[in-house]
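Here is the structure we will look at.
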Amino acid sequence: MLEMTREEFEELVAEALDRIPPELTRLMDNVAVFVEDEPPPEDPELLGLYEGTPLTDRGEWYAGVLPDRITIYRGPTLRMCASREEVVKESEVTVVHEIAHHFGIDDARLHALGYG
């Protein structure tokens, strides 16, 4: 497994977030991004997870709720990548994938766009 500290991985995730076009980040609403070491035991290969209500599903009832949560998992990403360059690419793909869920884009469309 590739070695990378949590701080280094968090920096890569932050850099991936910084590469999201400002036109999109301005539209993101009530969402927080976290890095965790490992996903839930029932899905040990999971690279990222979006939990919340997509922007497309929010209505008048959506007020005073906790932020949506995007979690990027360090362990599975490092286990599947052979180099730092691969980790950079995979973390960027995962960040975009999870942000797309925030915008209401489903897995089928993301796979078709190359963010599967």
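All figures in this text were calculated on a predicted structure; none of them were measured in a lab.
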Exceeds 12 heavy-atom contacts within 6.0 angstrom, atom CD of E60: no
Under 3.5 Å: donor-acceptor pair, side chain of [X], backbone of [Y]:
X	Y	answer
D37	G75	no
E86	A82	yes
E98	Y50	yes

Testing the basics here: between [X] and [Y], what is the closest heavy-atom pair and its distance to 0.1 Å?
X	Y	answer
L2	C81	CB-O, 3.8 Å
Y73	F9	O-CZ, 4.0 Å
H101	D106	CE1-C, 4.1 Å

Close side-chain approach of [X] and [Y], heavy atoms under 4.5 Å:
X	Y	result
V65	T53	no
I105	H97	no
L12	R84	yes
E38	P76	yes
I99	L17	yes
D29	R58	yes
L47	M80	yes
N30	P67	yes

Taken to the nearest 0.5 Å, the spacing of R19 CZ from T25 OG1 works out to 13.5 Å
As an exercise, state the distance from CD1 of I20 to CD of E92, rounded to the nearest 0.5 Å. 7.0 Å
Electrostatic pair R6:E10 at N-O distance under 4.0 angstrom: yes
